Amino acid sequence: MEQSSTSALLESAVLDIASDVVSALRSGDHARADGTPADVGGDGIARAAVRVLGADALLPATLLGTPPPPARLAVFADAVASHPPRPDAAPTVRWSHWAMARTLRRVTDDPVTDDGPEPGAGWLDDAGWQQLTHQLAVLAPLALPGEECALTRAAQRRPVDVARGFVRAVRRRDWQQAAGAGRWLTLLDGVPDTLGLDAGLDFVRLMGGDDPRVTLQLEAARLMPARVPL
């Protein structure tokens with residue numbers, strides 16, 4: 001029962017932060033997104049929720065250049081410092097942590113903050129298009145204009161595969177994966193015109209837009225083509 005209650009609190013916290021981020025992306029005012037949930041019973045719910053969203057918890061600061069609320073920034077910094085990936089961590093965990101550390105350094109402009117060595121992306125070289133799309137959707141916070149790393153280079157080499165994965169996710173009604181893949185596709189060269197990406201993203205918004213995690217990815221995709229590279 002306690003585990004179920006904690007899971008429900010975490011899910012609610014993730015949705016709350018995602019909603020705040022969406023509001024900030026739409027308004028251009030990150031200071032309005034100050035609803036970081038407080039820790040409940042010392043269990044670190046806020047910190048865990050920030051780690052679920054990864055670097056996207058500070059996306060308005062990254063994309064719009066507006067300062068994040070101090071409470072959100074403090075929780076974000078604590079999440080980065082408190083949970084370094086273990087040596088045997090999955091590649092997605094290592095990349096997510098690296099992206100968070102890199103975002104923290106950029107947002108705070110703190111030369112002391114170290115994002116560490118870039119993880120490798122070799123595991124994607126032989127991944128099928130389904131697995132590639134799944135992994136990229138999980139790591140959608142790294143889909144940023146001007147971002148240069150091994151992961152973005154891996155995505156740039158396979159725009160057709162990501163497009164296939166986007167279509168598959170839509171057909172399977174996996175709106176989170178479709179939105180994450182669509183965010184990547186807005187940045188990739190060589191996406192087939194026949195995909196109809198704009199119409200596809202509109203459809204994902206229509207069908208999955210009740211979930212703020214989906215809307216977050218779609219708002220990022222909407223904003224990114226017009227943003228100046230990092």
Side-chain angles (χ1 to χ4, degrees), residues 2-18 21 36-59 61-62 68 71-108 110-128 130-144 147-155 158 165 174 176-177 180-181 183-184 213 216-217 220 230:
E2 182 178 351
Q3 183 176 0
S4 176
S5 176
T6 300
S7 297
L9 287 170
L10 176 58
E11 176 75 6
S12 177
V14 170
L15 296 178
D16 284 347
I17 296 177
V21 171
T36 302
D39 285 358
V40 177
D43 291 332
I45 296 297
R47 185 172 62 229
V50 164
R51 288 193 61 80
V52 170
L53 287 176
D56 275 348
L58 296 185
L59 184 60
T62 303
R72 176 71 49 79
L73 184 59
V75 173
F76 191 95
D78 187 33
V80 172
S82 301
H83 298 282
R86 301 184 310 184
D88 61 346
T92 51
V93 173
R94 294 197 298 270
W95 272 105
S96 180
H97 181 83
W98 180 83
M100 291 182 69
R102 188 168 187 171
T103 297
L104 182 63
R105 177 172 58 81
R106 286 171 170 168
V107 170
T108 60
D110 180 3
V112 177
T113 302
D114 182 15
D115 44 14
E118 180 182 299
W123 98 99
L124 290 177
D125 291 343
D126 297 323
Q130 300 97 327
Q131 180 69 2
L132 172 72
T133 305
H134 171 73
Q135 299 292 315
L136 290 179
V138 170
L139 294 172
L142 281 147
L144 294 168
E147 183 68 87
E148 175 65 22
C149 63
L151 191 78
T152 59
R153 291 190 292 272
R158 300 177 65 179
D174 186 342
Q176 285 194 52
Q177 185 172 131
R183 174 173 168 177
W184 278 102
R213 293 167 296 186
L216 188 159
Q217 301 301 334
L230 298 172

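Throughout, numbering of the chain's residues begins at 1 and tracks the sequence. Basis for what follows: all heavy atoms, side chains included, without hydrogens, waters or symmetry-related copies. Fair warning: this is a prediction, and the values are worked out from it, not measured in the lab.
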(request) Please tell me if the side chains of Leu151 and Leu136 come closer than 4.5 Å, counting only heavy atoms from C-beta onward. (result) yes

(message) Within the 4.5 Å heavy-atom criterion, are His83 and Met100 side-chain neighbours or not?
(response) no

How far apart are the closest heavy atoms of [X] and [Y], and which atoms are they?
X      : Y      : result
Cys149 : Trp98  : CB-CH2, 3.9 Å
Ala81  : Pro84  : O-CD, 3.8 Å
Ala46  : Ile17  : O-CD1, 4.5 Å
Leu139 : Ser96  : CD2-N, 3.9 Å
Gln177 : Gly165 : OE1-O, 4.5 Å
Ala150 : Pro119 : CB-O, 4.3 Å

Donor-acceptor pair, distance only, cut-off 3.5 Å: does the side chain of [X] make one with the backbone of [Y]?
X      : Y      : result
Arg158 : Leu124 : yes
Arg51  : Ala79  : yes
Thr103 : Ala99  : yes
Arg72  : Leu58  : no

(request) Show your reasoning for whether side-chain contact (heavy atoms from CB on, under 4.5 Å) applies to Trp95 and Gln135. (result) CA-CA 11 Å; Trp95 272 105; Gln135 299 292 315; over 6 Å; no

Pairwise distance [atom1]([X]) to [atom2]([Y]) - rounded to 0.5 angstrom:
X      : Y      : atom1 : atom2 : answer
Asp56  : Leu142 : CG    : CG    : 9.0 Å
Glu147 : Arg153 : CD    : CZ    : 10.0 Å
Asp78  : Leu73  : CG    : CG    : 11.0 Å

(request) Identify the residue among Ile45, Val50, Leu9, Leu53 that makes a side chain to side chain contact (heavy atoms under 4.5 Å, CB included) with Val14. (result) Leu53

(request) Output, in order, the C-alpha distance, side-chain angles, deciding distance and verdict of side-chain contact (heavy atoms from CB on, under 4.5 Å) for Thr62 and Leu144. (result) CA-CA 9 Å; Thr62 303; Leu144 294 168; 3.9 Å; yes

(request) Return the set of residues passing side-chain contact (heavy atoms from CB on, under 4.5 Å) with Ala140 (not counting sequence neighbours), or none when no residue passes. (result) Arg183, Trp184, Gln217

